[in-house]
Amino acid sequence: MRTSNFHIITTRETPADAEIVSHQLMLRSGMIRKLTAGIYSWSPLGWRVLKKVERIVREEMDRAGYLEMLMPAVQPAELWKETGRWEDFGDQLLKIHDRAGRDYVFGPTHEEVITDLARNELRSYKQLPVTFYQIQTKFRDEIRPRFGVMRAREFLMKDAYSFHIDEVSLDQTYWEMYDVYSRIFERAGLRFRAVRADSGAIGGSQSHEFHVLAESGEDQIAFSSDSDFAANVELAEAVAPGGEPAAPTEDLRLVDTPDAQTINELVEQFGVPVEKTVKTLIVEATEESGAGFVALLVRGDHSLNEFKAVKLPQVAVPLRFATDEEIRSAVGAGPGSLGPVKLEMPCFIDRSVAVMSDFAAGANQDGKHYFGINWSRDVEMPPQADLRNVIEGDPSPDGTGSIQLARGIEVGHIFQLGTKYSESMNAVVLGEDGKSHVMPMGCYGIGVSRIVAAAIEQNHDDNGICWPEPIAPFQVAILPMNAKKSHRVREAAEQLYSELQEAGVEVILDDRNVRPGVMFNDMELIGIPHRVVIGERGLDQGVLEYRKRTDSENGEVPLQGAAEAILQRLA
RNA sequence: CGGGGUGUAGCGCAGCCUGGUAGCGCAACUGCUUUGGGAGCAGUGGGUCGGGGGUUCGAAUCCCUCCACCCCGACCA
């Protein structure tokens with residue numbers, strides 16, 4: 001490709017609405033253009049990268065024997081009503097209707113469609129197991145799309161679905177898929193980590209997320225310093241400290257704390273160690289519990305884990321914190337003065353709170369706290385649960401090593417669905433025993449367009465993108481210096497260009513009549529992994545200048561056999 | 001959805017308070033010069049000032065209204 005024939009539009013200035021670096025660089029390099037909130041066009045440059053990712057995904061899925069197909073993006077409402085997701089999926093569903101007023105959705109995912117297909121096509125256990133996949137545009141009407149294609153409303157996804165005669169077969173395909181996914185992210189040149197994930201309301205026995213590691217990641221993942229334990233913080237168990245609280249050494253004291261509304265203020269003003277404080281969070285209770293509200297207690301330096309909290313049968317889903325007014329009318333004091341002593345509502349404590357002694361908490365009277373609280377003596381110990389997020393240094397749940405935290409961008413998710421959809425849609429096959437069997441299912445997703453953004457988050461510097469070679473739009477950039485004036489430069493560039501093309505290398509020749517600085521900056525911004533500079537200076541010495549995008553120093557290759565020398569440097 | 005903010009040339013912004021010929025930088029186009037890290041000079045094109053309504057002799061500017069986009073949304077107990 002020649003730049004004169006390829007639409008390259010770069011900008012020096014960063015668009016004002018781009019927050020994170022991948023979004024900024026995708027806009028500045030001209031990879032994407034926004035059409036409307038959360039909806040983007042991919043330019044020829046961006047499309048090349050997206051296709052690279054897509055191709056790696058497709059090749060590995062094919063290699064594993066999974067069957068590519070294409071399902072409709074537009075799906076009838078009836079299917080979604082059949083599984084109950086017409087309501088459950090909520091406002092994320094883009095609902096549309098045709099001229100006759102019939103309802104449709106623009107598919108955010110395809111469990112319904114594939115299960116409908118499976119119940120019509122699959123008859124016998126002999127056809128199982130089977131895994132179908134597609135790479136297709138999805139639409140989810142996010143509350144708040146942001147970060148460019150990272151959290152877009154319209155995006156490209158690879159989704160796969162497997163059907164089985166029993167759970168054993170499902171488990172087998174699941175772990176096979178785990179390996180396929182690992183290969184995909186390895187091949188794309190990304191540093192990633194597979195972590196155990198919340199299986200959510202769907203139930204199911206197994207679920208893993210694949211995260212590209214990056215500082216800017218929206219998800220926090222926890223892993224062990226000394227074992228292969230890794231889990232999303234949402235799921236990671238905070239190990240129970242065990243043992244009994246220490247014997248009381250202090251009396252219970254009611255203290256005036258007019259200026260202490262927060263744990264921090266309490267710690268600063270009264271010198272209480274933060275791990276001797278407890279915070280009390282009031283959340284909405286389920287209707288069945290009849291309680292109105294539930295109090296959840298975690299240590300002052302810990303934070304409540306929403307996903308764990310809603311697993312308590314008394315806590316309403318989705319989790320909702322009580323408003324100040326609700327707290328005031330239920331407790332008689334405002335937030336900032338809440339605690340377990342003389343609290344008239346169902347109460348649960350985190351397991352680390354259960355071993356505390358001589359601690360401080362609100363007194364359920366405005367401007368007052370109790371100090372020196374001890375369980376049993378001052379208040380009955382409430383039931384315990386794992387309610388908090390793990391923090392760095394916690395013991396690893398598998399018993400080996402301690403917890404470390406990292407940030408990641410979720411780019412893949414695999415899931416043992418079980419019979420959630422096959423049951424409600426009656427997808428059955430005849431088994432060896434001649435009886436009907438509901439097929440257990442797995443589903444497996446990869447955010448293809450998100451990978452592009454995640455790759456940039458992980459691989460960039462001050463000058464722009466540093467593509468991992470497997471997904472770079474071009475492998476090699478040839479930059480002739482002042483070609484207009486120099487036959488030799490022009491000829492050397494043309495020759496190298498055609499030799500590399502002949503060798504099947506994706507090479508871009510910058511034949512624009514622009515100053516060298518412009519070429520350097522553009523090619524670095526766009527992130528081409530290998531750069532060859534051809535100038536009179538080097539030609540005099542029989543060499544071409546070569547530099548890898550991630551190197552800080554220039555190297556050389558001999559003019560004679562330059563193409564060969566560069567080929568050797570490609571991954 | 002709740003809270004906050006912004007809409008002026010492709011991009012980044014000024015002008016608005018205090019109404020009176022719509023500006024600056026970058027980008028683009030033409031010409032000349034220049035050519036190893038985003039060149040210089042000269043010239044050119046490009047605007048429903050988000051839409052609608054109102055006030056006024058006169059509205060980018062003041063008022064009303066609608067729309068779009070952006071940011072924040074348990075961590076406070």
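Here is how names work: the chains are called A, B, and so on, in the same order as the sequence lines, proteins then strands, and each is numbered from 1.
- Ion pairing between A:Arg407 and A:Glu457 fails under the 4.0 Å rule for side-chain N and carboxylate O.
- Note on A:Arg146: a side-chain N or O is less than 4.0 Å away from OP1 or OP2 of B:C72.
- With rounding to whole Å, A:Glu13 atom CD is found 12 Å from B:G10 atom C1'.
- B:G73 atom P lies 10 Å from atom CD of A:Glu19, rounded to whole Å.
- Nucleic acid contact class of A:Asp91 (heavy atoms, under 4.0 Å, all strands): none.
- Put simply, CD on A:Glu218 is 10 Å from P on B:C72, counting in whole angstrom units.
- Rounding to whole angstrom units, CZ of residue A:Arg512 and P of B:G38 are separated by 14 Å.
- Across all strands, A:Ser303 comes closer than 4.0 Å to base atoms (heavy-atom distances).
- What separates CZ of A:Phe321 from C1' of B:G2 is a distance of 17 Å, to the nearest Å.
- In this structure, NZ of A:Lys34 is placed 15 Å from P of B:G7, rounded to the nearest angstrom.
- Rounded to whole Å, the C1' atom of B:C17 lies 25 Å from the corresponding atom of B:A9.
- Residue-level contact check: A:Leu479 touches neither bases nor backbone, having no heavy atom under 4.0 Å from any strand.
- Residue A:Gly535 is in base contact, counting any heavy-atom pair closer than 4.0 Å across all strands shown.
- A:Leu319 comes within contact range of no nucleotide atom at all, as no heavy-atom separation falls under 4.0 Å.
- When distances run from any side-chain atom of A:Thr10 to the nucleotides B:G38, B:C26, B:G37, the shortest one goes to B:G38.
- Across all strands, A:Val514 comes closer than 4.0 Å to base atoms (heavy-atom distances).
- A:Arg547 contributes no side-chain N or O that, together with a main-chain N or O of A:Arg531, makes up a donor-acceptor pair within less than 3.5 Å.
- Among the heavy atoms of the strands lying under 4.0 Å from A:Asp17 are primed sugar atoms or P, OP1, OP2 only; no base atom is included.
- Contacts of A:Leu559 classified as side-chain contact (heavy atoms from CB on, under 4.5 Å), with partners at least two apart in sequence or in another chain: A:Ala492, A:Leu539, A:Leu544.
- As rounded to whole Å, 14 Å separates atom C1' of B:G31 from atom CG of A:Asn513.
- A:Met481 places its CE atom 15 Å from the C1' atom of B:A39, with the value rounded to the nearest Å.
- Closest to the A:Val518 side chain, of the nucleotides B:G73, B:A27, B:A39, is B:A39.
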